[in-house]
2 protein chains.
Amino acid sequence: MKATINDVAKRAGVSIKTVSRVINNETSVRQLTRDKVQLAVDELSYQPNLSARNLAGAKSYSIAYIYDNPNAYYIIDMQKGILSACKQHGFELLIHPCDAKDKDVSKEVVNMVKQARIAGLILTPPLSEMPDFVKSLVELDVKVVRILSGNVAPDELSPCVMVNDRDAAQTMTQHLIDLGHKDIAFLAGDAEHMSTIERYKGYRRALKASNIEFNKSLVIEGDYSFDSGVNGAKNLMSEQTTNTRPTAIFSCNDEIAAGALFAARLMNISIPEQLSIVGFENSPFSRQTWPKLTTADQPNNQIAEDAAKLLISQIRKQKNPITISQYVPKIIVRDSTARCF
Amino acid sequence: MKATINDVAKRAGVSIKTVSRVINNETSVRQLTRDKVQLAVDELSYQPNLSARNLAGAKSYSIAYIYDNPNAYYIIDMQKGILSACKQHGFELLIHPCDAKDKDVSKEVVNMVKQARIAGLILTPPLSEMPDFVKSLVELDVKVVRILSGNVAPDELSPCVMVNDRDAAQTMTQHLIDLGHKDIAFLAGDAEHMSTIERYKGYRRALKASNIEFNKSLVIEGDYSFDSGVNGAKNLMSEQTTNTRPTAIFSCNDEIAAGALFAARLMNISIPEQLSIVGFENSPFSRQTWPKLTTADQPNNQIAEDAAKLLISQIRKQKNPITISQYVPKIIVRDSTARCF
DNA sequence: TTAATAATTGACAGCGCTGTCATTTTTTTA
DNA sequence: TAAAAAAATGACAGCGCTGTCAATTATTAA
């Protein structure tokens, strides 16, 4: 059956406590002893019992992934990355979906953390962007790592893994500019989301870099939904509009872009001949629209694994763990963009 | 801080063991005592420590959700349903993604179950449809509940929650027939998946019920992918084809349908005027295609919660738990179907 | 070389709960 | 009514591990 720490101790000819020291990577174990123990561990393919550890120690070996994100693909990817880090370090993962809009989220999550003796938390947008929420968690006896949009962490509350949407958005906009577009519209996601803000900044920066005059009427407020894309594009492209009609549309995510595509179809505007449209996120369905969407992809799996590792090293109080990784999403050019007519 | 069983015992004026009996719903506790204890439990909002339980008892309070399904929305829904049942019954959920195509899945999962002292497993397609895989798990000391396509469980290996794709597919096909279609094609998913088989049976049954002659050349083999839909529809609708060209296409899922939509666009066939197309699954993007897809929706959340409850009652060896719930997906009519021209 | 110091190692209690079995209380039977 | 049977309760060990602190061994200084 399953080996216990006792079996390992006997086999290695040392005390239980010494085995415990080795598996916990504590100092003050002679190398010789350490090797002996490690050998026994390997031979018995021993794995510490998480329940016993959690029960006995002051430490906890559980981390939780708290999420509220409408995008299932994102969550699944994150989850997989986190799980993989957990497996590597002998941690356990608790999954906790919640509703960011609920005014009691904070209380609810705090309770859950207290109840479950959790060592650390991973937060993704939009939860990671809610300062009060984050603060109430940081004040507990848990480590927190946030995944966020931006170049620099917004505060010192916790280490963060940053996704540089700004640079990606700039590159994306530049792609449009390189195709000869000058009248490039911006279909925003939820205004309070950092991803929207960052993508907007990147968009502006690209225009500026190419000396293209910014036209405020080409920026349409909205949210991260298909309908928002439909309405935004209608707005921009309808016959009655008094604005300059854009020749390209930057959408804050793929859903918005899909909405814009839908609207274009409605108005008999052919894509990409009469209008270029780009998305952001590389959701699976960005390959299943007509035409397939040019979009930006981020390695969510990797990001999540890094975040989890960062969290675990925080928990173990290892060296200098406030490393803030930065990822820049990569542009994927497909069929929804073309040279300006 | 957090209340322990000891606190409850003191407050209720009974022994620890009696509290344990109450919270485990054991018999042979007088109603009066039970009430006293329950009161103390409520007052202290006591929740048993899972680690201690797992460690002390022979029983385990962990169940695992093993999945391998490309559809993230499906997994997230399932997960949420399971989580909700777990919370209600004080169980813990382990998440374990795996790769059904890997020849060592079975070994890998078996190991994981042994390692983690898991009381039960929830399996969804395609894992739930792999007899050898299921068998190797059932032989361990764990309860298993499967979620499957069909009317009746394929075997006695474990209790199952059945999703009646057949009836749903029949209704869906009938919808097409009601619109005057007679030449209805069938774009299959992976041939070995029960969902494909069941949906096919429903399709055939609907044709038969309306005395429509079955035309084998309208059935196209494929898999559950966008590309499969593209190719299938091209095949069916191209100019050179020698077959009857269908006036409607039944696709085994929304991705295939989206592919068919894509192909139709390529071939300048207008939907739904010249061709009706239906999907299956009600994935979010079925609302984001042009035109929006008529599809079939199933209450995954509820299915998952039921499956988890069934599993937990199995674990507790309660009464007669081999209840096999049956769900019939519901047709959602949108814009991709129209009366036959 | 020996005493003093530092580095390793181990003995033991106890985390919060459940299982076993003994004890007490209640109910039934004669 | 007492004795026997059944039901309810409790005492206690122990699940596998970690924390504390004492004991042992190795290393350094004198």
Side-chain angles (χ1 to χ4, degrees), chain A residues 1-38 40-41 44-62 90-92 114-117 119 315-317, chain B residues 1-38 40-41 44-62 90-92 114-117 119 315-317:
Chain A
M1 247 332 272
K2 205 177 153 183
T4 74
I5 196 170
N6 224 314
D7 304 330
V8 178
K10 269 187 209 145
R11 185 173 194 108
V14 297
S15 76
I16 286 183
K17 182 68 222 193
T18 300
V19 177
S20 170
R21 287 198 178 93
V22 173
I23 59 179
N24 286 295
N25 247 306
E26 286 175 30
T27 50
S28 85
V29 178
R30 219 180 313 169
Q31 190 57 47
L32 185 73
T33 318
R34 194 179 291 279
D35 292 345
K36 266 195 308 189
V37 172
Q38 193 56 54
V41 166
L44 298 171
S45 58
Y46 163 76
Q47 285 219 259
N49 177 321
L50 265 175
S51 296
R53 276 186 146 179
N54 275 327
L55 184 58
K59 305 185 210 109
S60 148
Y61 293 83
S62 304
F91 273 65
E92 187 185 36
K114 280 186 182 162
Q115 276 297 144
R117 278 188 84 253
I315 291 168
R316 293 199 176 139
K317 290 176 184 114
Chain B
M1 244 333 273
K2 204 178 153 181
T4 73
I5 196 168
N6 225 313
D7 304 329
V8 178
K10 269 187 211 144
R11 186 174 195 107
V14 297
S15 75
I16 286 183
K17 182 67 221 193
T18 300
V19 177
S20 169
R21 286 197 178 95
V22 173
I23 59 181
N24 286 294
N25 247 306
E26 287 174 31
T27 50
S28 85
V29 178
R30 219 179 315 168
Q31 191 56 45
L32 185 73
T33 318
R34 195 179 291 279
D35 292 345
K36 267 197 305 190
V37 172
Q38 193 55 55
V41 165
L44 297 172
S45 59
Y46 162 76
Q47 285 219 258
N49 178 320
L50 264 177
S51 296
R53 274 186 150 181
N54 274 326
L55 185 58
K59 306 185 210 112
S60 149
Y61 293 82
S62 304
F91 273 64
E92 186 185 38
K114 281 186 184 164
Q115 277 298 145
R117 278 189 85 250
I315 291 168
R316 293 197 175 141
K317 289 175 186 117

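Note that the structure is a prediction, hence the values are computed from the model and not measured.
- Rounded to an integer number of Å, the gap from A/N25 CG to D/dT18 P is 12 Å.
- Here A/N24 lies in heavy-atom contact (under 4.0 Å) with sugar-phosphate atoms only.
- Between B/S28 and B/A52, the residue whose closest nucleotide on DNA chain D is further toward the 5' end is B/S28.
- Counting heavy atoms from C-beta on, the side chains of B/V37 and B/V14 come closer than 4.5 Å.
- Residue A/K36 contributes atom NZ, which lies 10 Å from atom C1' of C/dT9 at whole-angstrom precision.
- Here C/dC15 is the nucleotide among D/dT18, C/dC17, C/dC15 with the atom lying nearest to any side-chain atom of A/L55.
- One finds the CD1 atom of B/I16 at 9.5 Å from the CG atom of B/D7 (value rounded to the nearest 0.5 Å).
- For the pair B/N6 CG and C/dC17 C1', the interatomic distance rounds to 10 Å; values are reported in whole Å.
- Protein atom NZ of B/K2 is 14 Å distant from nucleotide atom P of C/dC15, rounded to whole Å.
- Computed from coordinates, the A/D35 CG to C/dT8 C1' distance equals 15 Å when rounded to whole Å.
- Looking at B/E92 and B/N54, their side chains come closer than 4.5 Å, going by heavy atoms from C-beta outward.
- Rounded to whole Å, atom C1' of D/dT9 lies 16 Å from atom CD of B/Q31.
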Under-3.5 Å N/O pairs linking protein and nucleotides 19-23 of chain C:
| from | atom 1 | to | atom 2 | distance (Å) |
| --- | --- | --- | --- | --- |
| C/dG19 | N7 | B/K17 | NZ | 2.7 |

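- When rounded to the nearest whole Å, the span between OH of B/Y46 and P of C/dG16 equals 10 Å.
- Taking the side chain as every heavy atom from C-beta outward, A/R11 and A/V8 never approach each other to under 4.5 Å.
- Here the nucleotide nearest the side chain of A/S15, chosen from C/dC17, C/dG10, D/dT18, is C/dG10.
- Rounded to the nearest 0.5 angstrom, A/K10 NZ and A/T4 OG1 are separated by 7.5 Å.
- C/dC17 atom C1' lies 10 Å from atom CG of B/N54, rounded to whole Å.
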Can you list, pair by pair, the side-chain donor-acceptor contacts under 3.5 Å of residues 45-52 of chain A, counting residues two or more places apart and other chains?
| from | atom 1 | to | atom 2 | distance (Å) |
| --- | --- | --- | --- | --- |
| A/N49 | OD1 | A/S51 | N | 2.7 |
| A/N49 | OD1 | A/A52 | N | 3.0 |

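- Looking only at side-chain heavy atoms (C-beta outward), B/R53 and B/N24 come within less than 4.5 Å of each other.
- A donor-acceptor pair is defined here as one N or O able to donate and one able to accept, closer than 3.5 Å; such a pair exists between the side chain of A/R117 and the backbone of A/A58.
- B/T33 comes within 4.0 angstrom of the backbone, heavy atoms only, and of no base.
- Atom-to-atom distance recorded for A/L44:CG and A/I5:CD1 is 12.0 Å, nearest 0.5 angstrom.
- Checking the phosphate oxygens (OP1, OP2) of D/dT18, a side-chain nitrogen or oxygen of A/R53 falls inside 4.0 Å.
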Show me the protein contacts with nucleotides 23-29 of chain D, counting only N or O atoms at under 3.5 Å.
none

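- Relative to the side chain of A/T18, the nucleotides C/dT9, D/dG10, D/dG16 differ in distance, and C/dT9 lies closest.
- Taking only side-chain nitrogens and oxygens, A/T4 never comes nearer than 4.0 Å to OP1 or OP2 of D/dG16.
- Between the CG atom of B/N25 and the CZ atom of B/R34 there is a distance of 6.0 Å, given to the nearest 0.5 Å.
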